[in-house]
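Throughout, protein chains are lettered first and strands after them, A, B, ... in sequence-line order, and every chain is numbered starting at 1. Being a predicted model, the structure only gives us computed values, none of them experimental.
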Amino acid sequence: MLNVKAYLKPDTVQSAYEMGQIPGSLYVSGGLMVAQLKISNVERIVDLKSVGLTHIEDHSDVFKIGANVKISDLISNPYLANLNGDLLKNSIKEIGSTQIRNMATLGGSIAFKLGWSDIITIFMILDSNLEIYDGEFSKISLQEYVKKSPKGVIITEIEVPKSGGIAVFEKFAKSNFDIATLNLGLKVVLDGQIVKDACVVVGSRPMVSQRIKEVEEFLIGKQLNGITKDACDLMERVVQVGSDIRASAEYRKALSRFLLDKALRRV
Amino acid sequence: MKTLIQEKLNVVNTSIEKVDGKALVRGKPVFTDDFDLPNTLTVKILRSPHAHAIIKSIDTSKAMIEGVACILTYKDVPHVIYTRAGQGYPEPSPYDTFVLDRKVRYVGDGVAIIAAENQSIAEKAMKLIKVDYEILPSILDYEHAMDKDAPIIHDELEISGAYDPKRNIAAHYEMEIGNVEEELKKCDYVVDETYHTPNQSHAMMEPHGAISYFDPNGRLTVISSTQVPFHARRIIKRIFGVNCRVIKPRIGGGFGGKQALHVEPYVVAVTLKTGKPAKCIYSREETMTASNTRHAMRFRARAGAMKDGTLVALELWGLSNTGAYGEHALTVFMVGGSKTLPLYNKVKAVKFGGDVVYSNTEPAGAFRGYGAPQGMFPIDSILDELAYKIGMDPIEFKLKNSIREGETSPIFKIMGEGREGVDQIINSCKIEECAVNGAKKFGWYEKRKRPRIDPERQIAHGYGVAFAMQGSSIPAIDMGGATIKMNDDGTFNLLVGATDLGTGSDTILAQIAAEVLHTKVEKIIVYSSDTDMTPFDKGAYASSTTYVSGNAVKKAAERMKVEILKAASEIMNKPTHTLELDEDSVVSEDGDTLSFGDLQTKLFYTFNQRQLEVTESFVSEVAPPPYLVSFAEVEIDLGSGKVRVVDFLNYVDCGVPINPVLAKGQVEGASAQGIGMALFEDHMMDKNGRLITDDFFNYKIPARGDIGSIKVRFARSYEPTGPFGAKSVSEIGLDTPGPAIANAIFDAVGIRMRKLPIKSEDLFFEIKKKGL
Amino acid sequence: MKVTIKINGKVQSVEIEPGEMLLETLRRLGYKGVKHACSTASCGACSVQIDGKPVLSCTTFTAAVDGHEVMTIEGFSDENSLSDIQKALIEEGGSQCGFCIPGLVVTSEALLRENPNPTRQEVIDYLKGNLCRCTGYESQTLAILKVAKERQSK
Ligand SMILES: Cc1cc2nc3c(=O)[nH]c(=O)nc-3n(C[C@H](O)[C@H](O)[C@H](O)COP(=O)(O)OP(=O)(O)OC[C@H]3O[C@@H](n4cnc5c(N)ncnc54)[C@H](O)[C@@H]3O)c2cc1C
Ligand code: FES
Ligand code: FES
């Protein structure tokens, strides 16, 4: 049990934001992480689920996904699930467990900026943008958001561009039901055999997910065949990783190579 | 599922449903935490944040907020030294523990007991207790416990039974048969290596917990999730000087973790102080950090053999970590030798010994296998290494040197439970069948012909085998009792002290009684583990329940049969030798029948009135070992070092399985825990000695899908001293996964991993070093 | 605060603390089949269904369940009979100590509703958040597959 004085259920994003500005307030969506917090300065829980934001909209060039959509519902829209070569369809099942996916929301999974978040890696490869509210609505790329960590803002929507290309997600974990020791996402847009565009993201480094520009640049303009080894060498050299209880930095480097190799074989 | 039997049996050797099965799958309120008594106080424990410290002062005055019933510190509880270990009395474990002490010896050691109206008040009060500690230097790495400048962990005057507490040695043991040193010199091949096994957590799903209260007549009653209700009662009496009744409800797994007193003294202290019911249920974090673990051990093993594959000498010299307290220190260590070495009884010389040391880590205790997995890992590994050196198939080598029916080992006599053991000739040993049929079933020879490394997929496959034995009870110590009472509706009450922890012992005991009494299991109403109601039983440990408690039930049922026949002979007016039991009745040669119900009804009301009731006890004289040969196939990702157990086959000789499905479940479950110990379960501490892996998020027990299929096959075996031919089955499965997997990894990539758990990271760097 | 929850088909109005977890509420109300084994969303013992979907009650705020429908293990069988999943778990030896079983049954019911004919791998994937320390999982997986088959043939 959390020792709080109130559990509030605002109707609108605006009123939620106002409640959130009072010191001692904490937003909750899925609640999985909030329920486990061991902090005592929270007095008020502001439940964002009551404001809705559970839409998945298919626009001509983007998907718009409400922040309160559950991880398990991400694949309920077949078009979204099949985007970029079934990226979501293939990767969502790697996240947590059935129960966790039924509880965790997309917004909560991003806002917490967990280093080991698979969701951040997956949506970063998709070049997603966030709609956030901090008194007014604005847009920010997921990459920027993770870097800046703006305080007190509410994530209201995630926008996924319908770009071409094939994307894959790889996760290395000790157990079948475990967070990633390292995760990796790769998207390539091909022109025949030539890589026209590439996006490479590594997460659970154990720091939060990051794009690996050097590897992306290396891939662009090359033929996919025969570059795996060089790409992996480069990855191992440039990726920034750290040590924690799950793995040493040195091992994480090796894993980044291992996962990139697997990903390149898959695309 | 039915396996071969040697007697004509009706109920035994069939997979009937667990007698408690329906209640459990319905989620009925049968566990300790499910019992709610009015006005129960919630008990919480303030625990030490330091690994080793003296409480200079402790101030509870600010914490006595509204709703707090009492806060107890070391000043308020009896200063009686004891051991938490639930073992036969007098215990071979040192007396080195107080309910609360001025000194704390690991992060998690108890500092104060808080009892309040509810959990949030108790937690609030806990934060308001002020403790001033004098922090002492600590020993976090047990391999340094005997260093010259190491701090002394147990300097209390009252300590007794520890080997050399001034040097942090809780226990010491050594024995030698023949002369290992001399024999090794004569060997063609010698291997000398050091092996490590980890301090695995039991991770039973139900956390530790207990409730205490005064019943309406003022008798202190404790409901506890324990494997040892009778030992708990005895130890509570020792500490508090009060008699009590201990009731064990259903238990959500124990695996040895509950073969010790954890929570009972805390709630009893509160009930005695306040007169009120008190309940304490550990959080997962407390269960992980402040209960007990497997003893981590380091063994230097030496083994020598001749070119023809004759094993000549074997030595294990070990160091075991008992953590902050010495429960089960000596006995677990000894089992590392006593239930492993007799398997290779043909050696000319064998030596076993070493020290069990204190350190400022969570206490170690009993854990399924009880030292045998720690001993079997080095033994089986080193034999595998030898076989490879000799150039012999490991199955052939291990089989050639292992024990057979009709043989014995001097170790049975030399090594017992913390003292001398008991001689025994092996009456049943089907290890050869296990190895030969197992190899066939697994496809050992065909698989070993395949290439191991697939360079294209960067994957390696390997195949390993491991042999094991265990015991069935602690001979000349373990005692179990059973009472059978006949009812006028044709049912029987079976009262046993034996402790069912989810293992299904209530069921198999009912099967044994039903078999003897020619009735159905539904007619046997089992009531177990209530110290005021049932006869004594030592508790659930040492693989003894089927063997010891099973034999007690069989004896009691046989005597009940005699009583029934006697009474029937009087009523039916026919000599007893013309009477037999058949389908809930007594039948005579000439076709007369008297149903059990009618018999007891007559005895109640009209004829030579009496209640038929018998009590019998059984003490084991021998501990017939079960045997196991396990085969593992692993798949290794060369790019990450990740190991997957694809296939794990157990071929087991446990005598006649009383209930094949339950027996299979025991082996399957033990294999899973063994695979956990081999590949997944790892404890990590921060530099202050706080466990970081203190929940299921960071301490990974194998999840569904982490293990390929685990298969179990039974050898055709019959143990003449066991009830209906049965031996034990619940522990042995944990002995083989460690070595079988390590051997399979060697087979795949030629790398010997001598430390469990085998982490993918470590294996990866070894693979890289080898340039694979 | 007060919330209204439909539990196993019965609408109940319950007084709760604002920071209370559903697990605590349910156990207080007598649904003891909901088991507490970890609090970190890592074991599945506390699984219940909310609006038909399996979730973890140890990390669900009761306040958030106001107006929703909860099913606990107690709702999946009555005093006289067991559900087919419960029966199969007993027959296959999939239940030893039984502590993980309520959560497993509640989750498996959802699995078979969503995917009446799962493959072995699908069973494993769906149930991977339900830890069991007693069995090696194999017997439980077999039990669920058996029930799926039986339900299909009906
Ligand atoms: C055992 C376990 C295993 C897991 N395994 C994985 C895994 O394998 N892969 C993976 O990617 N994740 C995993 N997760 C994480 C999970 O998927 C979610 O990311 C996480 O639980 C947070 O989602 P939530 O909706 O429950 O957030 P909450 O707990 O509700 O909130 C999390 C944080 O975000 C804030 N917040 C919530 N919503 C918003 C919003 N819309 N705008 C701004 N701030 C907001 C809250 O204030 C809080 O600080 C695991 C979690 C657990 C407990
Ligand atoms: S108790 Fe909820 S997942 Fe373990
Ligand atoms: S049956 Fe005991 S935890 Fe699953």
Side-chain angles (χ1 to χ4, degrees), chain A residues 1-10 24-51 54 68 70-73 75-76 89-105 108 173 175-179, chain C residues 1-3 16-25 27-28 36 38-68 103-104 106-108 110-111 114-115 118 121-132 137:
Chain A
M1 167 149 27
L2 279 193
N3 232 331
V4 295
K5 298 204 173 73
Y7 192 101
L8 307 172
K9 297 183 177 182
S25 300
L26 183 69
Y27 299 129
V28 70
S29 50
L32 261 168
M33 285 296 157
V34 172
Q36 297 183 51
L37 291 179
K38 283 181 184 155
I39 46 175
S40 50
N41 57 358
V42 178
E43 293 188 356
R44 224 165 298 98
I45 291 179
V46 182
D47 191 339
L48 299 176
K49 283 194 301 299
S50 48
V51 305
T54 55
N68 286 330
K70 301 275 160 66
I71 307 285
S72 55
D73 287 333
I75 45 174
S76 63
K89 195 175 152 202
N90 290 332
S91 55
I92 289 302
K93 60 175 187 289
E94 307 249 346
I95 297 172
S97 63
T98 305
Q99 293 93 323
I100 285 170
R101 295 192 295 273
N102 282 339
M103 299 167 75
T105 63
S175 156
N176 195 26
F177 176 31
D178 195 2
I179 60 165
Chain C
M1 61 191 287
K2 213 174 188 85
V3 291
I16 60 158
E17 297 287 331
E20 191 170 319
M21 295 301 149
L22 183 60
L23 172 71
E24 300 167 283
T25 314
R27 286 189 59 87
R28 193 176 65 237
H36 189 188
C38 80
S39 308
T40 53
S42 317
C43 79
C46 65
S47 299
V48 298
Q49 291 184 8
I50 297 181
D51 303 332
K53 293 217 166 115
V55 297
L56 305 167
S57 62
C58 69
T59 36
T60 297
F61 286 98
T62 311
V65 189
D66 193 10
H68 291 268
L104 182 72
V106 166
T107 314
S108 304
L111 159 68
E114 290 169 28
N115 181 1
Q121 193 55 45
E122 283 166 347
V123 171
I124 289 172
D125 284 344
Y126 198 95
L127 298 173
K128 73 176 172 186
N130 293 83
L131 295 183
C132 172
Y137 298 113

Under 4.5 Å from a heavy atom of chain C, the part of [X] involved:
X       : result
A:Asn3  : neither
A:Val28 : side chain
A:Leu32 : both

Please round to the nearest 0.5 Å and tell me the distance separating atom [atom1] of [X] and atom [atom2] of [Y].
X        : Y        : atom1 : atom2 : result
A:Phe177 : C:Leu127 : CZ    : CG    : 12.0 Å
C:Lys128 : A:Glu94  : NZ    : CD    : 6.5 Å
C:Cys58  : A:Gln36  : SG    : CD    : 7.0 Å
C:Glu17  : A:Lys5   : CD    : NZ    : 12.0 Å
C:Ser42  : A:Gln99  : OG    : CD    : 11.0 Å
C:Thr40  : A:Met33  : OG1   : CE    : 9.5 Å

Exercise. Is atom NZ of A:Lys9 surrounded by more than 12 heavy atoms (other residues, nucleotides or ligands) closer than 6.0 Å?
Worked result: yes

Exercise. C:Ser39 versus chain A, heavy atoms under 4.5 Å apart: side chain, backbone, both or neither?
Worked result: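 Just its backbone gets close to chain A.
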
Seminar exercise, completed: Cut-off 4.5 Å, heavy atoms of chain A, and the answer for C:Thr62 is neither

For this session: Return the option, out of A:Ile45, A:Asn176, A:Asp47, A:Val42, with the maximum number of heavy-atom pairs under 4.5 Å with chain C.
Result: A:Asn176

Problem set entry | Largest heavy-atom contact set with chain C, pairs under 4.5 Å, which of A:Asn102, A:Asp178, A:Val4 |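 Of the options given, most contacts go to A:Asn102.
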
Exercise. Is there a donor-acceptor pair closer than 3.5 Å between any side-chain N or O of A:Thr98 and the backbone N or O of C:Tyr126?
Worked result: yes

For this session: Ignoring hydrogens and angles, tell me if any N or O in the side chain of A:Lys49 forms a donor-acceptor pair with the backbone of C:Ala64 under 3.5 Å.
Result: no

How close do [X] and [Y] get, counting heavy atoms only, and between which atoms?
X        : Y       : result
C:Met1   : A:Tyr7  : SD-CB, 3.9 Å
C:Gly129 : A:Ser97 : CA-CB, 3.5 Å
C:Glu20  : A:Met1  : CA-SD, 4.0 Å

For this session: Report yes if the side chains of A:Val34 and C:Phe61 come closer than 4.5 Å at any heavy-atom pair, otherwise no.
Result: yes

